[in-house]
Amino acid sequence: MKVKALVSTFVFAGLCAAGAPAMALNLACTGVSVHNASRNDVTLVGDIADGCDIATVNPQQGASGNSSGFADNFGNGWSLLSKVTGSSVASATTTATFGGVDYKINFTETPGSGTKKGTWTINVSKPVTVDLVFALHASNRSGAFFFDNQVLTSSSLGNAGTWAINWVNAGGQVPNFSNLTIFARDQHVSPVPEPETYAMLLAGFGLVGFMARRRKQK
């Protein structure tokens with residue numbers, strides 16, 4: 001999806017440059033009580049969500065979570081990665097292992113936001129590409145935000161993002177945070193270069209530097 005989105009962005013820019021009518025990018029969520037909710041409401045390492053669905057199902061139901069509220073839009077095969085429970089949680093840290101990779105997830109609420117926005121960070125023991133759903137439950141609605149083929153690095157700083165609640169509950173009000181459930185699927189561990197690869201890279205850099213010095217001397 002990220003590749004398709006990039007291609008669409010280039011096409012959009014080209015049409016605008018050629019004077020063609022501008023086409024609005026579809027950022028809005030689908031589902032019930034959408035209000036101002038959009039894919040921009042949850043980000044991860046600078047990426048906005050690839051999909052957003054507002055439903056009445058609480059994703060945190062059951063020992064393994066409940067993905068039925070967003071499965072029609074984002075498919076099946078989801079595994080529970082993390083649960084954060086309780087309203088007005090200033091911060092929480094959870095850990096999990098999925099497909100041989102250790103995950104550490106930090107969740108915070110922004111002070112003074114009325115428990116409607118905050119930050120999150122994912123640390124992984126190995127660099128991976130993985131599908132994620134970040135599912136916030138608030139009042140009698142939940143917002144599921146889908147990240148397709150999300151690249152996560154194993155940096156000690158983690159992979160940082162933001163979240164916000166902008167949908168409305170059955171009473172027409174923007175609700176406060178109740179709980180968070182994160183699901184994962186289709187994980188692929190990024191290959192680590194062999195020592196020989198590093199040696200070839202260093203040799204290549206050395207050759208480039210040598211040629212540059214020769215040109216400078218001439």
Side-chain angles (χ1 to χ4, degrees), residues 1-3 39 41-53 55 57-110 115 117-138 142-165 177-195 197-198:
M1 269 190 190
K2 288 184 173 22
V3 175
R39 295 192 286 117
D41 293 345
V42 177
T43 68
L44 185 59
V45 290
D47 296 326
I48 67 171
D50 294 297
C52 168
D53 187 53
V57 177
N58 184 350
Q60 202 160 106
Q61 292 173 342
S64 301
N66 187 346
S67 61
S68 64
F70 56 81
D72 285 347
N73 285 329
F74 307 150
N76 295 300
W78 296 101
S79 297
L80 175 67
L81 195 62
S82 173
K83 283 185 177 183
V84 176
T85 304
S87 58
S88 300
V89 177
S91 63
T93 299
T94 63
T95 58
T97 299
F98 178 65
V101 178
D102 295 329
Y103 284 77
K104 181 180 179 182
I105 299 167
N106 296 306
F107 173 86
T108 67
E109 295 182 16
T110 302
T115 68
K117 64 180 180 179
T119 63
W120 64 304
T121 303
I122 295 185
N123 292 75
V124 287
S125 59
K126 302 174 184 177
V128 298
T129 300
V130 62
D131 292 348
L132 295 171
V133 165
F134 183 95
L136 287 161
H137 187 67
S142 64
F145 296 83
F146 173 47
F147 290 86
D148 182 43
N149 290 327
Q150 182 64 47
V151 176
L152 302 177
T153 67
S154 54
S155 166
S156 60
L157 298 177
N159 304 272
T162 60
W163 63 269
I165 297 171
F177 165 78
S178 295
N179 60 58
L180 165 69
T181 313
I182 301 177
F183 299 86
R185 181 185 68 186
D186 294 343
Q187 173 183 274
H188 301 282
V189 177
S190 302
V192 177
E194 297 293 334
T197 304
Y198 286 117

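Since the structure is predicted, the reported quantities are computational estimates derived from the model, not experimental observations.
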So, do [X] and [Y] sit near enough that their side-chain heavy atoms are less than 4.5 Å apart?
X: Asp131; Y: Phe74; value: no
X: Val133; Y: Arg185; value: no
X: Val128; Y: Phe98; value: no
X: Leu81; Y: Leu132; value: yes
X: Phe147; Y: Val42; value: yes
X: Val45; Y: Val151; value: no

Worksheet entry | Flag if over 12 foreign heavy atoms under 6.0 Å of NZ, Lys83 |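 Correct, the count exceeds 12.
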How far does [atom1] of [X] sit from [atom2] of [Y], to the nearest 0.5 angstrom?
X: Gln61; Y: Asn179; atom1: CD; atom2: CG; result: 9.5 Å
X: Gln150; Y: Asp186; atom1: CD; atom2: CG; result: 14.0 Å
X: Leu152; Y: Thr129; atom1: CG; atom2: OG1; result: 8.0 Å

query: Between Ile182 and Trp120, is a side chain to side chain contact (heavy atoms under 4.5 Å, CB included) present by the stated rule, with each step listed?
result: CA-CA 11 Å; Ile182 301 177; Trp120 64 304; 4.1 Å; yes
Taking all non-hydrogen atoms of both residues into account, name the closest pair between [X] and [Y] and its distance.
X: Leu180; Y: Gln60; value: O-NE2, 2.9 Å
X: His137; Y: Ser142; value: ND1-CB, 3.6 Å
X: Thr119; Y: Trp163; value: N-NE1, 3.3 Å
X: Arg39; Y: Ala49; value: NH1-O, 2.8 Å
X: Ala92; Y: Val84; value: CB-CG1, 3.8 Å
X: Val89; Y: Thr85; value: CG2-O, 3.6 Å

With Asn123 as reference, evaluate Asn106, Asp102, Ile105, Thr93 under the side-chain contact (heavy atoms from CB on, under 4.5 Å) test and give the passing residue.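 Option passing the side-chain contact (heavy atoms from CB on, under 4.5 Å) with Asn123: Asn106.
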Donor-acceptor under 3.5 Å ([X] side chain, [Y] main chain):
X: Asn159; Y: Thr153; value: yes
X: Trp78; Y: Asn66; value: no
X: Asp50; Y: Asp148; value: yes

Between Phe70 and Phe183, ring centroids under 6.0 Å: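 Centroid distance Phe70-Phe183: below 6.0 Å, so yes.
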Point to revise | Parallel, tilted or perpendicular, as decided by the 30° and 60° cut-offs, for the rings of Phe107 and Phe177 | key: tilted
Going through the distances and angles, do Phe134 and Ile122 end up as a side chain to side chain contact (heavy atoms under 4.5 Å, CB included)?
-> CA-CA 11 Å; Phe134 183 95; Ile122 295 185; over 6 Å; no
